[in-house]
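In what follows, every heavy atom counts, from backbone to side chain, and hydrogens, waters and symmetry copies are set aside. So you know, we letter chains A, B, ... as the sequences are listed, proteins then strands, and number each from 1.
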Amino acid sequence: MTPRLTIRQLYQILSKTYRQQGWWPVSITGDRQTGLLDDRGYHAGRYDFPYHDDQKLEIALGAILTQNTNWNNASAALHSLADHGLFSLQRLLDAKIEQIALAIRSAGYYNQKAQTVKNLVQFLNHCSFEKLEGLACQSARDRLLDIRGIGPETADSILLYALKQPSFVIDAYTKRICFGIGIATVSVSYESLQRLFESSLERDLVVFQEYHALLVQHGKHYYSRKPHGKGDEILCPFWTSGKSS
DNA sequence: AACCAGGACGTGA
DNA sequence: TCACGTCATGGT
């Protein structure tokens, strides 16, 4: 049960193994002409890129749409929203749930997610991004968690990537990887694993953003729910499967 | 052709 | 608190 790596060591290895991730992608409202975003909306190191409200909204919508869903399907739903002329706070406020559901069909769980999107925009209508950014990180988090359909991971994703507040995002890959290297149990709670990461790292926005994205990147390769491991031991020097040595 | 994906919520122990 | 069922499309 002795950990093979610390949280800090894992970050060092991941950032050496993979290229800079540049999350969160902003591909609909992204301003590609500036050259700060690539063709899929990922920024190349511009962590301080000042987002407009519609870009923050895109990130928040993406965070909802990708819940338990691969990014391809979520991204298609974002484009579909734009194609249906629903890609703005006001249009989403005016739209019926059924219209939204139809537009985001490709993301799956479209009825639930349409309701969550509605809840989000109604919240944003009386509590703007600007107000939200004026709050302390923990208060803003609580406000987001009050929105039905937005749980801890979605709230933290919005905080970290749209509002640029250092709140560490925990996801299924993060849990599996931490279990794999022996620093957490399989059933570790969201909050406790988050506390572990946040207490092991400097509270740094860039580190938090990159680390989570790197964990997802690494998880996609080696920590799929059904272990399928592409036996590449150079890219993955700290193999998975919690078998004790 | 099953299985999986960048979760959240309601319910009943 | 926790274990489990439900929600659903599209790629492999």
Side-chain angles (χ1 to χ4, degrees), chain A residues 10 14 18-28 40-43 58-81 83-84 97-98 100-120 123 141-162 167-180 184-195 197 208-230 240:
Chain A
L10 178 59
L14 291 179
Y18 303 96
R19 67 169 187 271
Q20 183 171 244
Q21 300 297 302
W23 275 29
W24 188 285
V26 179
S27 55
I28 311 287
R40 295 205 325 274
Y42 294 85
H43 73 72
E58 176 175 342
I59 293 173
L61 292 175
I64 291 169
L65 294 173
T66 196
Q67 289 171 352
N68 201 39
T69 298
N70 64 61
W71 181 250
N72 253 2
N73 287 10
S75 178
L78 284 175
H79 282 89
S80 173
L81 272 178
D83 292 343
H84 284 76
I97 305 253
E98 295 76 28
I100 301 176
L102 179 64
I104 65 172
R105 203 176 133 280
S106 73
Y109 310 118
Y110 49 81
N111 289 313
Q112 289 185 165
K113 288 176 179 177
Q115 181 63 65
T116 303
V117 166
K118 241 326 186 202
N119 297 340
L120 172 74
F123 169 81
R141 188 175 194 269
D142 291 338
R143 301 298 303 273
L144 290 172
L145 286 176
D146 284 338
I147 302 171
R148 167 170 308 230
I150 293 190
E153 182 182 342
T154 308
D156 287 329
S157 296
I158 295 172
L159 284 169
L160 183 61
Y161 293 107
S167 199
F168 203 92
V169 179
I170 303 297
D171 74 326
Y173 288 131
T174 307
K175 290 187 181 176
R176 286 179 216 152
I177 293 170
C178 287
F179 173 68
T185 64
V186 270
S187 58
V188 63
S189 76
Y190 187 98
E191 311 287 339
S192 82
L193 191 52
Q194 183 183 48
R195 279 195 297 275
F197 272 87
F208 280 24
Q209 287 189 344
E210 273 303 302
Y211 202 164
H212 169 63
L214 285 165
L215 284 165
V216 172
Q217 178 62 27
H218 184 60
K220 279 178 177 172
H221 281 297
Y222 303 105
Y223 288 82
S224 153
R225 192 189 310 175
K226 185 126 194 174
H228 61 294
K230 319 170 175 177
T240 165

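- Of the two residues near DNA chain B, A/I147 and A/A63, the one whose nearest nucleotide lies more 5' is A/A63.
- Using cut-offs of 30° and 60° for the angle between ring planes, the A/F197 and A/Y211 rings count as perpendicular.
- When the C1' atom of B/dA8 is taken as reference, atom CG of A/D146 falls 15 Å away, rounded to whole Å.
- The separation between A/Y190 atom OH and C/dA3 atom C1' is 21 Å, rounded to whole Å.
- Within the nucleic acid shown, A/Q112 comes within 4.0 Å of at least one base atom, counting heavy atoms only.
- Looking at A/D156 and A/Y190, their side chains come closer than 4.5 Å, going by heavy atoms from C-beta outward.
- Here the P atom of nucleotide B/dC4 and the OH atom of A/Y109 are 13 Å apart, to the nearest Å.
- Just one of A/R19, A/Q20, A/Q21 meets the side-chain contact (heavy atoms from CB on, under 4.5 Å) condition when paired with A/L214; it is A/Q21.
- Nucleotides B/dA1 and C/dA8 have their P atoms positioned 25 Å apart, rounded to a whole Å.
- Neither OP1 nor OP2 of C/dA8 sits under 4.0 Å from any side-chain N or O of A/R105.
- Contact between the side-chain N/O atoms of A/N111 and the OP1/OP2 oxygens of C/dA8 is found at a separation under 4.0 Å.
- Among the atoms of the strands shown, none is found under 4.0 Å from any heavy atom of A/S157.
- Donor-acceptor pairing under 3.5 Å is lacking for the side chains of A/Q115 and A/N111.
- Residue-to-nucleotide proximity on DNA chain B shows that, of A/N73 and A/L145, the 5′-proximal contact is made by A/N73.
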Apply side-chain hydrogen bond (donor to acceptor under 3.5 Å, both in side chains) to the pair A/D171 and A/T174, showing each step before the final yes or no. CA-CA 5 Å; A/D171 74 326; A/T174 307; 2.5 Å; yes
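- Note: NE2 (A/H221) to C1' (B/dC4) measures 16 Å, nearest angstrom.
- A/I150 comes within 4.0 angstrom of sugar-phosphate atoms only, judged by non-hydrogen atoms across all strands, and of no base.
- Spacing between atom CG of A/N70 and atom P of B/dC4 amounts to 14 Å, rounded to whole angstrom units.
- The CZ-P distance, from A/R148 to B/dG7, rounds to 20 Å in whole Å.
- Checked against C/dA8, B/dC4, B/dA8, the side chain of A/Y110 finds its nearest nucleotide in C/dA8.
- Residue A/L65 contributes atom CG, which lies 13 Å from atom P of B/dA8 at whole-angstrom precision.
- Classified by interplanar angle (parallel below 30°, tilted 30° to 60°, perpendicular above 60°), the ring pair A/H212/A/W23 is perpendicular.
- Both A/N72 and A/N68 sit near DNA chain C, but only A/N68 has its closest nucleotide nearer the 5' end.
- As a whole-Å value, the separation of A/E191 CD from C/dC2 C1' is 15 Å.
- Taking only side-chain nitrogens and oxygens, A/T69 never comes nearer than 4.0 Å to OP1 or OP2 of C/dG10.
- Listed nucleotides: B/dC4, C/dA8, B/dG7. Nearest to the side chain of A/S224: B/dC4.
- At least one side-chain nitrogen or oxygen of A/R176 sits closer than 4.0 Å to the OP1 or OP2 atom of B/dA5.
- Only the P atoms considered, C/dG10 is 22 Å distant from B/dA8, to the nearest whole Å.
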